[in-house]
Amino acid sequence: MKKLMILSLAALVLCCNNATKEVSKVVPEGGEEAITEYAKTLPLDKIKMPAGFSIEVYAEVNNARSMAMSPEGTLYVGNRNGDKVYAVKDTNGDNKADKRWVIASGLNMPNGVAVNDGDLYVAEVSRITRYDDIEANLGKAITPVVVKEDFPTETHHGWKYIAFGPDGRLYVPVGAPCNICKSEKEIYASITSIKKDGSDLQIYANGVRNSVGFTWHPETKEMWFTDNGRDMLGDDIPPCELNRVTEAGLHFGYPYCHGGTISDPEFGKGQSCEKFIKPAQTLGPHVAPLGLKFYTGDNFPEQYRDQLFIAEHGSWNRAQKIGYRISMVNVENASTATTYETFASGWLDEAEQKSWGRPVDILVLEDGSMFVSDDQAGVIYRIFFKG
């Protein structure tokens with residue numbers, strides 16, 4: 001009898017544990033399917049990567065731009081050409097999103113998204129808003145809290161990437177309101193930071209023409225950011241840039257100097273390029289580098305650990321298009337870029353000079369796989385190593 005009671009108690013505990021696991025999978029009602037037959041039409045077989053890597057569609061999101069993942073496994077995605085912010089989630093653990101929700105609409109280029117302490121922060125052109133307790137409110141009408149609303153209103157380079165730094169501050173870039181110009185207002189062509197409540201705006205980096213992506217080294221916590229070079233100097237100059245910030249207040253050259261060595265024909269007179277911080281790595285001319293991340297997972301082979309992956313959106317004003325790929329920069333001793341090479345390509349048909357996809361942002365997941373957003377194809381890809 002005593003043995004029977006013990007077995008019954010064990011069964012009850014097992015039952016309760018299983019029930020708890022089931023409850024943890026409960027997701028909000030509503031939403032719509034995150035993958036349709038459209039995903040099957042994308043020519044993923046054209047994507048070239050090193051041997052052993054695979055790519056799949058994780059979710060369909062219109063004009064998918066910047067991404068942020070919550071601790072609960074919900075992926076938030078902004079866009080630039082539309083007016084919406086989306087949430088997508090894999091509810092059954094098969095590495096494909098099942099549901100998609102519109103978090104907000106009617107916004108002004110809501111490119112940037114960031115998650116902090118359970119709240120979702122969204123960057124529009126001139127303001128930052130916050131959606132409180134976002135996980136509990138998926139699919140519900142949420143009135144956002146305005147965190148800061150006095151950023152410049154120009155839409156030229158006005159869309160923003162945002163992220164919380166290791167110091168707990170929210171970093172917000174403010175692009176130059178032009179191709180090439182010198183503004184009297186210090187906030188233009190900069191990367192700023194604010195406290196999470198929107199106060200205490202500081203200029204963190206100067207001379208940054210248009211950064212739409214930054215990240216921090218996992219060991220040193222130094223910021224690395226991409227910067228889009230100016231247009232109309234020809235097909236091959238200037239290069240776009242990957243920059244490393246060793247301390248606040250540095251000037252990275254714009255509008256006086258490009259790529260560390262090229263004096264601007266309009267604004268470079270009387271200015272030595274030696275005055276400014278040189279790029280950690282010059283990138284391809286007009287490749288439009290956007291999101292970037294250091295690889296910190298365990299799924300890719302060891303050689304990729306702590307190396308930097310960059311989404312190159314692709315050129316728009318070059319005779320022969322370039323970019324439309326994922327590049328990798330090898331970083332030694334957490335400080336020195338040594339090589340710059342292509343990791344994934346195939347979104348551009350070079351012979352036809354037509355693209356079917358344009359990478360925008362990168363995320364490294366807990367399981368070691370990688371998300372890549374694509375605003376042209378309107379999807380999120382998952383890249384993983386199968387061996």
Donor-acceptor pair, [X] side chain versus [Y] backbone, under 3.5 Å?
X    : Y    : value
S373 : D361 : yes
Y295 : G368 : yes
R130 : V145 : no
E60  : T36  : yes
W356 : G346 : yes
E341 : M328 : no
N79  : N81  : no
K195 : D200 : no
T153 : S126 : no

Quiz item: Partners of F151 by ring-ring contact (aromatic ring centres under 6.0 Å, His included), sequence neighbours excluded?
Solution: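 Testing F151 for ring-ring contact (aromatic ring centres under 6.0 Å, His included), a comparison that skips the adjacent residues, returns none.
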Quiz item: Taking only residues two or more places apart in sequence, or in another chain, which ones meet F225 in a ring-ring contact (aromatic ring centres under 6.0 Å, His included)?
Solution: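 F252.
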[X] side chain near [Y] side chain, heavy-atom distance below 4.5 Å:
X    : Y    : result
T226 : C240 : no
D90  : D98  : yes
I187 : P152 : yes
D367 : N299 : no
L290 : N228 : yes
P359 : F309 : no
R382 : M370 : no
Q376 : W347 : no

Hey, could you give me the [atom1]/[atom2] distance between [X] and [Y], rounded to the nearest 0.5 Å?
X    : Y    : atom1 : atom2 : value
I194 : L201 : CD1   : CG    : 7.0 Å
I142 : N137 : CD1   : CG    : 4.5 Å
I128 : L170 : CD1   : CG    : 6.0 Å
W101 : K89  : CH2   : NZ    : 6.5 Å
N92  : K99  : CG    : NZ    : 11.0 Å
I262 : L233 : CD1   : CG    : 8.0 Å

For [range], pull every pair meeting salt bridge (Lys or Arg N to Asp or Glu O under 4.0 Å), keeping only residues two or more places apart or in separate chains.
range            : answer
residues 251-272 : R230-D264, R230-E266
residues 142-164 : K148-D150
residues 296-310 : D298-R305
residues 314-334 : D236-R318, E312-R325

Exercise. Could you go through the side chain to side chain contact (heavy atoms under 4.5 Å, CB included) check for E33 and R100 one step at a time?
Key: CA-CA 6 Å; E33 294 301 313; R100 180 180 61 226; over 6 Å; no
Exercise. Would you tell me whether S199 and D197 have side-chain atoms, one donor and one acceptor, within less than 3.5 Å of each other?
Key: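 Yes, D197 and S199 have a side-chain donor paired with an acceptor closer than 3.5 Å.
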Quiz prompt | Residues that, via side-chain heavy atoms closer than 4.5 angstrom, fall in one hydrophobic cluster with V329 | solution =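 Other cluster members: W224, L242, L283, V287, L292, F294, L308, I310, I322, V331, Y340.
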Self-check item: Under 4.5 Å side-chain linkage, directly or through intermediates, the cluster mates of V102
Solution: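 Same cluster as V102: Y58, V61, M67, M69, L75, V77, Y86, V88, L363, L365, F371, I380.
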Quiz item: Under a single-linkage definition using a 4.5 Å side-chain heavy-atom cutoff for Ile, Leu, Val, Met, Phe, Trp and Tyr, are Y188 and W159 assigned to the same hydrophobic cluster?
Solution: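 Shared cluster, no.
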Quiz item: Are V115 and I162 connected in the hydrophobic side-chain network, where two residues link if heavy atoms are under 4.5 Å apart?
Solution: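 No, because V115 and I162 fall into different hydrophobic clusters, even though each may have its own neighbours under 4.5 Å.
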Exercise. If a pair satisfies side chain to side chain donor-acceptor pair (under 3.5 Å) and one of its residues is in residues 204-221, list it, with sequence neighbours excluded.
Key: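 The answer is N179-R209.
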Quiz prompt | Pairs satisfying side chain to side chain donor-acceptor pair (under 3.5 Å), at least one member in residues 104-124, at least two apart | solution =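 Sorted result for residues 104-124: R65-N111, S66-N111, N116-K196, D117-K196, E124-R127.
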Can you confirm whether [X] is buried at [atom1], in the sense that more than 12 heavy atoms of other residues, nucleotides or ligands lie under 6.0 Å from that atom?
X    : atom1 : value
K278 : NZ    : yes
E72  : CD    : yes
E366 : CD    : no

Quiz prompt | Residues in side chain to side chain donor-acceptor pair (under 3.5 Å) contact with S272, at least two apart in sequence or another chain | solution =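 Applying side chain to side chain donor-acceptor pair (under 3.5 Å) to S272 gives none.
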Exercise. Please list, chain by chain and in numerical order, all residues satisfying side chain to side chain donor-acceptor pair (under 3.5 Å) with N62, sequence neighbours excluded.
Key: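 Partners of N62 under the side chain to side chain donor-acceptor pair (under 3.5 Å) test: none.
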Shortest non-hydrogen contact from [X] toward [Y]:
X    : Y    : result
K293 : Y161 : NZ-OH, 3.2 Å
A163 : A114 : CA-CB, 4.3 Å
Y254 : A176 : OH-CB, 3.4 Å
Y76  : S70  : CE1-CB, 3.9 Å
P110 : G82  : CD-O, 3.7 Å
C273 : S263 : SG-N, 4.1 Å

Exercise. Would you sort out whether F53 and F300 count as a ring-ring contact (aromatic ring centres under 6.0 Å, His included), showing the intermediate values?
Key: CA-CA 8 Å; F53 284 91; F300 291 13; 4.8 Å; yes
Exercise. Let me see the working for V245 and F214 under side chain to side chain contact (heavy atoms under 4.5 Å, CB included), right down to the final yes or no.
Key: CA-CA 10 Å; V245 186; F214 39 81; over 6 Å; no
Exercise. Check step by step if side chain to side chain contact (heavy atoms under 4.5 Å, CB included) holds for T74 and E135.
Key: CA-CA 8 Å; T74 303; E135 292 290 324; 3.0 Å; yes
Practice problem: Check the pair D231, W316 against side chain to side chain contact (heavy atoms under 4.5 Å, CB included), reporting the backbone distance first and the verdict last. | Solution: CA-CA 10 Å; D231 300 316; W316 66 271; 3.4 Å; yes
Quiz item: Do you know which of K96, K40, K386 makes salt bridge (Lys or Arg N to Asp or Glu O under 4.0 Å) with E56?
Solution: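 Among the candidates, only K96 passes.
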